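So the structure is just underneath, and the comments pick up after that.
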Amino acid sequence: MLIAFFSCTKKNSQNQTVAYQEDSLTVYLSKANDFNSTSGKRKLYIQKAFAIIENQPNDSLQRVNLFRVANRYYNLNDWEKYQEIAKIVLEKSVASKDTVSIAKAYSYSGDYYGSQGVSDSAFLYYFKAEKIYLQRNDNLELAKIRLSKALLQQKESDNSGSEISALKALRVLKGEKASDIVYELYNLLGLVYSELGEYDKSIEFHNKALIILDKEPTPVEFQSRATSMNNLGLVYQNLNNHSQAILYFQKGLEQKKDLILYKPVVYAMLLDNLGYSRFKLNINKGLPELFYESLKKRDSLQLTIGVIISKLRLSEYFAFKNDTIKALQYSNEALATAKTSKNARNLLLPLKQLAIIEPQNASLYNKEYIHINDSLQKADRNIADKFTRIEYETDEIKQENTDLTTQNRNLVYIFGSILILGMFLYIIKAQKAKNRELLFKQEQQKANEEIYNLMISQQSSVETIRIKEKKRVAQELHDGVLGRMFGVRMNLDSLNKINDEHASQQRNGYLSELKNIEQDIREISHDLNREKSELINNFVAIVDNLFEDQKKTFKSKLVSSIDSNIKWESMSNAIKINLYRIIQESLQNINKYANADSIKVELKKEIDNLFLQISDDGIGFNVNRKKKGIGLQNMHSRINECNGTFEIKSKKGEGTMIIVTVPI
């Protein structure tokens, strides 16, 4: 009892600990995503959550929780921690052969290397994830990873490759409910076609993106409509249709408060682009304040490229206003900012602007511009080739693995064929043995039927003779004895007219006695006829004979009950012989082993089932023992033939009960 108590206490304590940890984990992960909190506090909550998760077993729940931790680091732009968690998940996923989590970990690694500017590594991980999703026919995740690839290719100026990846993603999304992904792909294709100079296509895809937003609006924090308006405005800006561009920029700025709160980057772009289109149309409304506000916002967000563009726009504006000093100031500041960035592409626009403002140094600026541009074009070709090579080499390795797999598969086929042939021969042999067994069972069942029919026939003959004899006796009693006695009574009744008192008393005594004899004989006659009708059922008679033999031979008290509502004539002989044998076998077992004082046998009908219950008050036995006697096995076999159920209940010292249910 003490051991059980402490075991239960320990188990409850463990359950409470697990529940507490789950609650704490939920709280920590929730607080880690609270954007109103400081980054330091959010990191602290992430660490607390990770401390709980790392002690969990390596199962799907732990891996899901690790991904949630990685997402919190992503939201904090803590890329190193993000990659650290992604590596841990990848190791655990590989150990568990969890392909879904492996693919997801690959995509996280791709995001990390993309953020660090290591595009080839990012592309490789995206490609690995793509292959897994392709094998799993997971179209939704496949489209997402192809979108990531397309965004990476567009970022690296591989616009043709980006177009192919985006179109592939759209193809697998047919029939899928993924309007958010389709929107992103349409938006990306609009940007790609704008870069390729295919402005009509660009406008077409941006409009498709807007149609999706009209049907299924995105959450306010995404500010997708403002983004699309800005992108459409840029296309018209490239077409020098600044009037149309201004309309789109103004529509994008309609939700100013939400933009500043959720998407300050887009807000800064819209301000800058609106100001530039007005500048090109010589509209001075809000200038140069729009440029200044955009620069201030971009500077606060540390958007290097945005800061460079804002300063170049200011330089161009002041150059147009003949304020060369300010124009040079902003151009040089833009060039200085570009030089501090890691991307040489950022140097091109400042150099181009300086060549315009300082004609005397234009040759130097143009020479540097051409040198950097040529290098960038070569780098773009190299990165595009590298992306293609990664796909090719990965496919080549895959082909080698496929060839090796084919060889292994052929070996498996050979050994498998030999094994199947051996199994086939074994099955044939086993089937023959099974057929022999079935034939034996059929012959045994046929023999049982014949035995039962013989028993029925014998019992019928006996019963026929008994009934015939009883009928003869009844007729003889009724027609012979009763007739004569009735005559005597009538004669005595006539003699009763004599007035002799003594004779009269004697006659009355004889008459009373004769009446009694007459009544007794009539009752005997009726009993004989009633017994005849009761014994007409041969099965009940056979079972009764079995019970009579049991009572005569053994000391145990036998109580039997057979439901009179059972229509035995409608049942098959197979059911009756099997029930008879089960009763017979049960009585034999009780006589041999039970040492019982009383036995009860009950046959009754309930709805569409026939129930046989045999119970005794003997010594009982352990029903859970592995080895069953031949008698019990035979009972099970007989009940299975009748499609019935067999249940045995027994405990040592508490007797035994057998319950048989047969559908009728």
Side-chain angles (χ1 to χ4, degrees), residues 50 53-54 56-75 79-116 118-155 161-162 164-178 180-182 184-185 188 386-402 405:
F50 180 72
I53 295 166
E54 68 177 345
Q56 293 176 339
N58 181 17
D59 56 15
S60 58
L61 179 62
Q62 189 203 34
R63 293 190 287 276
V64 167
N65 285 331
L66 284 170
F67 280 124
R68 292 171 72 190
V69 168
N71 291 337
R72 269 54 178 181
Y73 281 123
Y74 177 90
N75 293 336
W79 290 104
E80 297 306 321
K81 283 289 183 181
Y82 177 81
Q83 174 63 355
E84 183 183 322
I85 301 298
K87 282 183 178 179
I88 292 171
V89 185
L90 181 59
E91 289 173 5
K92 290 180 177 290
S93 303
V94 170
S96 302
K97 296 180 180 178
D98 180 0
T99 53
V100 174
S101 295
I102 290 171
K104 194 171 182 179
Y106 281 154
S107 70
Y108 277 39
S109 292
D111 293 340
Y112 166 74
Y113 285 112
S115 71
Q116 303 304 304
V118 188
S119 299
D120 51 351
S121 296
F123 190 86
L124 176 61
Y125 280 108
Y126 286 147
F127 187 70
K128 285 182 177 181
E130 181 185 10
K131 289 298 178 185
I132 293 174
Y133 290 133
L134 196 61
Q135 289 170 358
R136 291 181 57 84
N137 292 321
D138 190 341
N139 289 338
L140 194 59
E141 294 300 328
L142 181 60
K144 287 180 183 179
I145 206 68
R146 282 178 173 170
L147 172 60
S148 297
K149 271 178 63 181
L151 288 168
L152 177 67
Q153 288 168 306
Q154 190 254 351
K155 179 184 172 183
S162 180
I164 293 168
S165 296
L167 291 173
K168 280 184 178 180
L170 282 172
R171 253 196 310 274
V172 298
L173 279 177
K174 286 183 179 178
E176 298 284 342
K177 291 183 178 180
D180 54 337
I181 303 172
V182 174
E184 293 289 342
L185 288 165
L188 175 61
K386 191 174 283 188
F387 289 159
T388 306
R389 192 162 58 252
I390 287 169
E391 289 184 335
Y392 172 75
E393 288 174 354
T394 307
D395 286 337
E396 193 175 50
I397 292 168
K398 185 181 176 183
Q399 184 60 46
E400 290 175 2
N401 291 335
T402 303
T405 303

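Just so you know, residue 1 is the first one in the sequence shown, and it goes up from there. Everything numeric here is computed off the predicted structure, so don't read it as measured data. Just so it is clear, the values below take in all heavy atoms, side chains as well, and ignore hydrogens, waters and symmetry mates.
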Single hit among Glu80, Glu84, Gln83 for side chain to side chain donor-acceptor pair (under 3.5 Å) with Tyr112: Glu80
Side chain Ser165, main chain Ser162, donor-acceptor under 3.5 Å: no
Is any side-chain heavy atom of Phe50 closer than 4.5 Å to one of Ile88? yes
Inter-residue atom distance Lys168.NZ - Leu142.CG, 0.5 Å rounding: 9.5 Å
For Arg68 and Asn65, what are the C-alpha separation, side-chain angles and deciding distance, and is it a side chain to side chain donor-acceptor pair (under 3.5 Å)? CA-CA 5 Å; Arg68 292 171 72 190; Asn65 285 331; 3.2 Å; yes
Distance check, rounded to the nearest 0.5 Å: Thr99 atom OG1 versus Tyr106 atom OH? 11.0 Å
Gln62 side chain to Gln56 backbone, donor-acceptor under 3.5 Å: yes
Distance in Å, Ile145 CD1 paired with Leu134 CG, rounded so as to fall on 0.5 Å steps: 12.5 Å
Which atoms form the tightest heavy-atom contact between Ala178 and Leu140, and what is the distance? CB-CD1, 3.5 Å
Is the shortest side-chain heavy-atom distance between Lys155 and Leu151 below 4.5 Å? no
Closest heavy-atom pair, Arg146 versus Ala169, reported as atoms and distance to 0.1 Å, is CB-CB, 3.7 Å
For the backbone of Phe67 and the side chain of Lys104, can you confirm whether one donor and one acceptor N or O come within less than 3.5 Å of each other? no
What heavy-atom pair brings Leu66 and Lys92 nearest, and what distance separates the two atoms? CD1-CD, 3.9 Å
Can you name the side chain to side chain donor-acceptor pair (under 3.5 Å) partners of Asp138, sequence neighbours left out? none
Only one of Trp79, Tyr125, Phe123 passes side chain to side chain contact (heavy atoms under 4.5 Å, CB included) with Tyr113; say which it is. Tyr125
With rounding to the nearest 0.5 Å, note down the distance linking CD1 in Ile85 to CG in Leu90. 13.0 Å
Could you tell me whether the side chains of Asn75 and Arg72 share a donor-acceptor contact shorter than 3.5 Å? no
Start with the C-alpha gap between Asp111 and Tyr126, add the side-chain angles, then the distance that decides, and say whether side chain to side chain contact (heavy atoms under 4.5 Å, CB included) holds. CA-CA 8 Å; Asp111 293 340; Tyr126 286 147; 2.5 Å; yes
Side-chain heavy atoms of Ser107 within contact of Lys144, under 4.5 Å: no
Tyr74, OH: over 12 other non-hydrogen atoms inside 6.0 angstrom: no
Which atom names give the shortest non-hydrogen contact between Leu147 and Leu185, and what distance separates them? CD1-CD2, 3.6 Å
Report the C-alpha distance between Arg63 and Ser96 in whole Å, list the side-chain angles of each, state the deciding distance to 0.1 Å, and finish with yes or no for side chain to side chain contact (heavy atoms under 4.5 Å, CB included). CA-CA 10 Å; Arg63 293 190 287 276; Ser96 302; 3.1 Å; yes
For a quick test of reading the model, state the closest non-hydrogen atom pair linking Val182 to Leu170 and the distance between them. CG1-CD2, 4.1 Å
Looking only at heavy atoms, what is the nearest atom pair of Ala70 and Tyr82, with distance? O-CD1, 3.1 Å
